[in-house]
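The figures here come from the full heavy-atom set of this structure, side chains too, leaving out hydrogens, waters and symmetry mates.
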Amino acid sequence: MRKPLLLSSPTFQFLICVFGIVFSSQMFGQKEINVKYVSGDSFKIDGVLDEPMWQNAIPTSNFTEYFPTDNKETAYQTEISMLYNEEYLYVAIKGYAPGEQYKTPSYERDYSISGADIVNLMFDTYSDRTNAFLFGINPFGVLREGIIYGGGVDGDLDLNWHTKWIGESKIYEGYFISEVKIPMSAFKFKEGVDRWKFNTMRSDTQSNTKSSWSKVPQNLNQFNQGFFGDLIFERPLKQTKSPISVIPYVTPSFNKDYVNNEESFEFKAGFDAKIPVKNSFMLDLTVNPDFSSEDVAASQNNVTQFEIKQDETRQFFIDNGDLFNGFGDTNNALPFYSRRIGVDTDNDGNTVIVDVNAGAKFTGKINNKLRIGALDVQTGGGKGDYIPANNNLIVAAEHKILKKSNVSAFFVNRQATNYDDVYEGVPDSISRKTRYNRVVGSDFNFFSEDNTIDALVYVHKSFTPGISTNAISAGTDLNVEKRKYSLGLTTQYVDEGFQSDLGYTKRVDILRANPNAKFRLYPENGTINTIEFSASNNSYWRASDDLSPREIYNAAYVKFNFTSGAMLSLTGNNSFIRLSKAFDPVGTSDDAISLPIGDYNYNDLELGFQSDKRKALWTEGSAMYGAFYNGHKFTADVTFQYRFQPYFTLELHVQYDDIQLPEPYSTDQLWYLGPTFNFTFTKSLFFKTDIQYSSQAESFLLVSRLQWRYAPLSDIFLTYNDVKTTSPYEPVQKGIYLKINYWFDINR
């Protein structure tokens, strides 16, 4: 008779140990891609893998679904093969699909991938799970590249980073092939390493699936570097001599100022330069930069007491920008916000554009753990506007600790360089800016090994003439992310004397707590992918007034995410606001009677929606109705997009606020209309028109831009803009700009 296997027996303990090892390897084992070395560069990048060298590559597949499920291999697989030498990394992608109806919004580089086919290759070259290079290509051979930062935990991707590389695709029956050639000089890495961290993700619109080579749970972001596998090179990598890049430009322009009845013709010239220092550092220089070809920043109605934060799109500030812009609470208390550079306010509080004269940026890795950077920009001013010229400096360092965490520190300095000249003889009635403003601080970012817990702790202090309080900004942010639930707690303290002239601070003199929780269900009916229930409380107390309530926001929602990509949500909000100064939320009249100081408590309901973005016509947005201060408000914020693939896209952003307050306070209907027309004639010729109409700002803006990419990363832009007031309808300014730049690479 067989004896029972006792729990204490050595055999049982051995089996448990083996089972544990096997189980843990299944759960946490890293996938690998082996990359063979090839000599020469006889590849023709055309989507046809007929070069004999490809026979030496070791293909890898076994992609796992990320959406609509994350527990099985995807039905339509993707094969990845790689080869390399000292000069280039070659990648072959073979993606199977149920048909040939692939989708792309345009032929334009760095296109949005919403509802589109894409394969993204992501390389963590320092294996530090901090930043990664992303290179994307679709079945039509349209390219995109960017930098993933923050470990990819929140899906932070900056597509304004650019480098030279090539890729082509060809569509076959039942699959497509993309062939990619990336210079090794496009990457930053330490000489002698033989492996990087890597993952790749694919969106297949025909089978309505998203998948990745190394499995990522659906409740986490696909960019999350904690799930990257290993890219193993046959030989240790040699340091590449990256070229020095110089990008000069010229911009002749004609402007007509209708307010002052003046016409002017200007000729502006300048340059940017990228100077590699070894293979781990980069010195960026800009002299007399011109940002007229940058994207138009989207506007909107603003019925809050706070400034709206905009994304950075200027190329000089992009590369390694997370090292400078990533400190503190990104939504409420940034000690450095690069869009402050080049913008100031005059003595009447009006926003004024000031010249960026020159700038230098030095960033890079000392080793696999330590990243450093310094950014220094000189801006001009105007004595007539009482704006001094300023030197704007930030120095930052980030050091990796534990497995995936880091501690960082920074110093920000805004120093007026012609202070005495600007204010010489100025009467005391004119308020003066301070000579300087400085902020120092440190952040600690923690990420657990299993990617389920992340936390932030920061302490910042400012130094400003005339301010004697402790001037501290500090906070914490803790998040627990499990498959079925998420928990979070954010706390924040900002002293009333804290001031960051180069930062973004929504509120001072506050103590804040923001607990939140989310619970997810995964139905198996095939129509609904997930159902989310969420509740949060966001409370602000006045720190200098015995913690009296300042603002309290309670919210609870249910959200249905459909397998088609559509979404429907319903949110209930309860708001308490104690106004400490009179405020007019409508903001359309200088003579309006503002809401008085006091307490306001109100409720509203919000309906959110999104249709299937794979369709040629899709929409997303929200509609809200309820009480608003001592009245009522209806808000509709909707975006429509129509795509005639791949040549034309029309996007229309509509925001409507119907604010009804009792007499004698303001009542009005606010409209914001923002249509964008985007034509992509070829992969190198584009035409885009942005229109912005705001009844709140009583303004009309039209910007039309024709772009010809006549050489890699080299463009000719012809831009026309027209600014008008709408009440009355009168011209303010018109201009036409021709900008020509060329990207020179000087090999060393």
Worked verdict on Arg414 versus Thr434 for side-chain hydrogen bond (donor to acceptor under 3.5 Å, both in side chains)
CA-CA 10 Å; Arg414 193 273 305 159; Thr434 59; 2.9 Å; yes
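- There is no side-chain donor-acceptor pair under 3.5 Å between Ser264 and Asn255.
- Ring orientation note: the planes of Phe324 and Phe336 are nearly perpendicular, at an angle over 60° on the 30°/60° scale.
- For the residue pair Tyr672 / Gln696, no side-chain donor-acceptor distance below 3.5 Å is found, with atom types taken as modelled.
- The pair Arg542-Asp509 meets the salt-bridge criterion, since a charged nitrogen lies less than 4.0 angstrom from a carboxylate oxygen.
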Please report the C-alpha distance between Leu652 and Thr639 in whole Å, then the side-chain angles of each, then the deciding distance to 0.1 Å, and finally whether the side chain to side chain contact (heavy atoms under 4.5 Å, CB included) criterion is met.
CA-CA 6 Å; Leu652 175 61; Thr639 297; over 6 Å; no
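- The salt bridge (Lys or Arg N to Asp or Glu O under 4.0 Å) check on Lys268 picks up nothing, with sequence neighbours excluded.
- Interatomic distance, NZ of Lys256 versus CD1 of Ile736, reported as 14.5 Å (0.5 Å rounding).
- Val153 is not listed as a side-chain neighbour of Asn221, based on a closest heavy-atom distance of 4.5 Å or more.
- In terms of modelled atom types and a separation under 3.5 Å, the side chain of Asp612 and the main chain of Arg614 share a donor-acceptor contact.
- For Asn721 (side chain) and Gly735 (main-chain N/O), a donor-acceptor pair under 3.5 Å exists by modelled atom type.
- With 3.5 Å as the limit, one finds no donor-acceptor pair spanning the side chains of Glu481 and Asn479.
- No side-chain donor-acceptor contact under 3.5 Å links Thr345 to the backbone of Thr351.
- Between Tyr540 atom OH and Ser548 atom OG the span is 15.5 Å, to the nearest 0.5 Å.
- Defined by atom type and a distance below 3.5 Å, a donor-acceptor pair is present between the side-chain atoms of Gln707 and Asp715.
- Considering OH of Tyr386 and CZ of Arg432, their distance stands at 10.0 Å, rounded to 0.5 Å.
- Under a 3.5 Å cut-off, the side chain of Asp604 and the backbone N or O of Tyr625 do not form any donor-acceptor pair.
- Residue Glu551 is tested with Arg507, Lys506, Arg578 for a salt bridge (Lys or Arg N to Asp or Glu O under 4.0 Å); the sole match is Arg507.
- Across all their heavy atoms, Gly342 and Val356 have their closest contact at CA-CG2, 4.0 Å.
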Could you go step by step and tell me if Lys615 and Glu620 meet the salt bridge (charged side-chain N to carboxylate O under 4.0 Å, His left out) rule?
CA-CA 12 Å; Lys615 304 295 185 182; Glu620 65 179 354; over 6 Å; no
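- Residues Asn529 and Thr563 have side chains that never bring a donor and an acceptor to within less than 3.5 angstrom of each other.
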Let me see the working for Thr491 and Thr476 under side-chain hydrogen bond (donor to acceptor under 3.5 Å, both in side chains), right down to the final yes or no.
CA-CA 5 Å; Thr491 65; Thr476 65; 2.4 Å; yes
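- For Lys739 and Asp290, the salt-bridge test passes: some basic side-chain N is under 4.0 Å from an acidic carboxylate O.
- Residues in residues 622-631 take part in no salt bridge (Lys or Arg N to Asp or Glu O under 4.0 Å) pair, two or more places apart or across chains.
- Under a 3.5 Å cut-off, the side chain of Asp346 and the backbone N or O of Asn350 do form a donor-acceptor pair.
- A side-chain N or O of Glu312 and one of Ser338 form a donor-acceptor pair less than 3.5 Å apart.
- A distance-only check finds no donor-acceptor pair linking the side chain of Thr676 to the backbone of Ile691 [under 3.5 Å].
- Taking a 6.0 Å sphere around CG of Asn260, one finds it holds more than 12 heavy atoms contributed by other residues, nucleotides or ligands.
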Begin from the C-alpha positions of Asp477 and Thr490 and carry the test side-chain hydrogen bond (donor to acceptor under 3.5 Å, both in side chains) through to its verdict.
CA-CA 4 Å; Asp477 187 22; Thr490 300; 2.8 Å; yes
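- A ring-ring contact (aromatic ring centres under 6.0 Å, His included) with Tyr337 holds for exactly one of Tyr504, Phe317, Phe327; it is Tyr504.
- Judged by distance alone, with hydrogens and angles left aside, the side-chain atoms of Asp722 form no donor-acceptor pair with the main-chain N or O of Val703 at under 3.5 Å.
- Each of Leu661, Asp657, Asp668, Asn302 was checked for a side chain to side chain contact (heavy atoms under 4.5 Å, CB included) with Pro585, and the lone residue meeting it is Leu661.
- Under a 3.5 Å cut-off, the side chain of Asn390 and the backbone N or O of Pro388 do form a donor-acceptor pair.
- For Arg550, the salt bridge (Lys or Arg N to Asp or Glu O under 4.0 Å) criterion is met by no residue, not counting sequence neighbours.
- No salt bridge links Arg705 with Asp690; every basic N to acidic carboxylate O contact stays at or beyond 4.0 Å.
- No close placement of the His632 and Phe634 rings is indicated, their centers lying 6.0 Å or farther apart.
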When you look at Leu595 and Asn630, which way does the side chain to side chain contact (heavy atoms under 4.5 Å, CB included) test go after all the steps?
CA-CA 9 Å; Leu595 294 173; Asn630 57 355; 3.5 Å; yes
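- Between Phe644 and Tyr647, the ring planes lie tilted relative to each other; the angle falls in the 30° to 60° range.
- Between the side chain of Thr667 and the backbone N or O of Gln660 there is no donor-acceptor pair closer than 3.5 Å.
- Applying the salt bridge (Lys or Arg N to Asp or Glu O under 4.0 Å) criterion to Glu651, with sequence neighbours excluded, gives no partner residue.
- Contact check for Phe576 versus Asp599: side-chain heavy atoms found under the 4.5 Å cut-off.
- Listed by chain and number, the residues in a salt bridge (Lys or Arg N to Asp or Glu O under 4.0 Å) with Lys734 amount to none (sequence neighbours excluded).
- Put simply, the residue from Asn537, Asn538, Asn573, Asn603 that forms a side chain to side chain donor-acceptor pair (under 3.5 Å) with Asn554 is Asn537.
- The local environment of NZ in Lys724 is crowded, with over 12 non-hydrogen atoms from other residues, nucleotides or ligands closer than 6.0 Å.
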Is there a side-chain hydrogen bond (donor to acceptor under 3.5 Å, both in side chains) between Thr680 and Ser106 once you walk through the steps?
CA-CA 6 Å; Thr680 57; Ser106 73; 4.6 Å; no
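- At a cut-off of 3.5 Å, with distance as the only test, no side-chain donor of Asp637 or Ser622 sits close to an acceptor on the other residue.
- For Tyr602 and Tyr629, the ring centers sit closer than 6.0 Å to each other.
- Taking 4.5 Å as the limit, some side-chain heavy atom of Asp329 sits within range of a side-chain heavy atom of Tyr458.
- Side-chain atoms of Asp154 do not come within 3.5 Å of backbone N or O of Asp156 as any donor-acceptor pair.
- In this structure, the side-chain hydrogen bond (donor to acceptor under 3.5 Å, both in side chains) partners of Tyr557, at least two apart in sequence or on a different chain, are Glu532.
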